[in-house]
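Owing to the predicted nature of the structure, the values given are computational and were not obtained by experimental measurement.
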Amino acid sequence: MALLSILCFPDPRLHTVAKPVSAVDARIRTLIVDMLHTMYDAKGIGLAATQVDVHERLIVMDVSEERDQPLVLINPQILWTSAETHLNEEGCLSVPGIYDGVQRFDAVTVSALDDAGKSRIIEAEDLLAVCIQHEMDHLMGKVFVEYLSPLKRNRIKKKMLKAQREEPC
């Protein structure tokens with residue numbers, strides 16, 4: 001198990017669109033273990049491979065209270081979204097200390113491979129649905145602050161750059 005470095009906004013690598021995982025092999029399984037270890041250590045509930053500078057379609061998450069129900073999504077695709085949306089307070093391991101409202105679908109259905117390479121369908125709502133949408137945005141090169149107004153986004157960018165000068169992310 002290795003702790004991976006998490007890229008911090010506004011690092012341009014966070015805007016890289018991830019490529020599909022070609023095979024669920026030993027390299028990917030090691031990356032999954034390292035990403036889960038990194039996510040738990042950082043007290044996060046989700047982490048996309050893009051955030052650790054691996055530009056492949058891989059997400060790990062755990063929204064359970066006990067932090068003992070990891071979920072792995074490889075090459076995830078949203079199959080369905082609810083008509084209903086609501087504003088959710090979101091944060092991000094790549095934008096530490098910043099929280100703001102983002103409009104998300106209340107429920108989603110996603111197809112993905114698991115850590116064994118088996119295809120699965122996940123019907124998610126509430127926090128899990130929000131987390132899946134947030135992490136899938138990372139795979140598309142999008143950070144949650146991009147949903148905010150240009151004024152807010154620029155303020156956050158300046159704050160993050162200043163914080164990184166004082167203490168690198």
Matching residue for Ile122 among Leu79, Leu73, Asp114, Val108 - test: side chain to side chain contact (heavy atoms under 4.5 Å, CB included):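 The single option meeting the side chain to side chain contact (heavy atoms under 4.5 Å, CB included) with Ile122 is Leu73.
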Common cluster, [X]/[Y], ILVMFWY with side-chain heavy-atom separation under 4.5 Å:
X      : Y      : result
Met61  : Val33  : no
Leu14  : Ile59  : no
Leu128 : Leu47  : no
Leu4   : Leu139 : no
Leu31  : Val72  : yes

Check the pair Asp100 / Lys152 against side-chain contact (heavy atoms from CB on, under 4.5 Å), numbers first and verdict last. CA-CA 10 Å; Asp100 213 315; Lys152 274 188 178 180; 3.1 Å; yes
Checking Met160 against Val95 for the side-chain contact (heavy atoms from CB on, under 4.5 Å) test, could you report, in this order, the C-alpha distance in whole Å, the side-chain angles of both residues, the deciding distance, and whether it holds? CA-CA 7 Å; Met160 293 298 298; Val95 194; 4.1 Å; yes
Ignoring hydrogens and geometry, is there a side-chain-to-backbone donor-acceptor pair from Asn88 to Glu90 under 3.5 Å?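 No, Asn88 side chain to Glu90 backbone: no donor-acceptor pair under 3.5 Å.
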Do the side chains of [Y] and [X] get nearer than 4.5 Å, heavy atoms only?
X      : Y      : result
Arg120 : Ser111 : no
Val110 : Ile121 : no
Leu127 : Ile45  : yes
His134 : Phe144 : yes
Glu56  : Ile28  : yes
Gln133 : Val102 : no
Lys142 : Met136 : no
Thr109 : Ile78  : no

Write down the atom of [X], the atom of [Y], and the distance for their closest heavy-atom approach.
X      : Y      : result
Asp106 : Ser82  : N-OG, 3.2 Å
Ile6   : Leu93  : CG2-O, 3.8 Å
Leu36  : Pro70  : CD2-CB, 3.7 Å
Gly46  : Cys131 : CA-SG, 4.0 Å
Val24  : Asp115 : CG1-O, 3.4 Å
Gly91  : Tyr99  : CA-CD2, 3.5 Å

Give, for atom CG of Asn154 and atom NZ of Lys159, the distance between the pair rounded to the nearest 0.5 Å.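 If we round to the nearest 0.5 Å, Asn154:CG and Lys159:NZ are 14.5 Å apart.
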State whether a side-chain donor-acceptor pair under 3.5 Å links Ser94 with Gln51.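 Short answer, yes.
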Does the side chain of Asp137 come under 3.5 Å of the side chain of Tyr147 through a donor N or O and an acceptor N or O?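 There is such a pair between these side chains.
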Pair Asp126, Val130 - check side-chain contact (heavy atoms from CB on, under 4.5 Å), show working. CA-CA 6 Å; Asp126 303 321; Val130 169; over 6 Å; no
Would you say that more than 12 heavy atoms from the other residues, nucleotides or ligands in this model lie under 6.0 Å from the CD of Glu65, or not?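 Count not over threshold, so no.
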Verdict with supporting geometry, Gln103 and His86, side chain to side chain donor-acceptor pair (under 3.5 Å): CA-CA 5 Å; Gln103 198 78 23; His86 68 278; over 6 Å; no
Pairs meeting criterion side chain to side chain donor-acceptor pair (under 3.5 Å) with involvement of residues 9-18, two or more places apart: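 Sorted result for residues 9-18: Asp11-Arg13, Arg13-Asp53, His15-Glu146.
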Where at least one partner belongs to residues 28-49, residue pairs that pass side chain to side chain donor-acceptor pair (under 3.5 Å), sequence neighbours excluded: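 Every pair satisfying side chain to side chain donor-acceptor pair (under 3.5 Å) with a residue in residues 28-49: Tyr40-Asp62.
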Start with the C-alpha gap between Val60 and Ile32, add the side-chain angles, then the distance that decides, and say whether side-chain contact (heavy atoms from CB on, under 4.5 Å) holds. CA-CA 7 Å; Val60 299; Ile32 289 166; 4.2 Å; yes
Pair Arg57 + Glu135, salt bridge at N-O below 4.0 Å: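 Looking at Arg57 and Glu135, the cut-off is not met.
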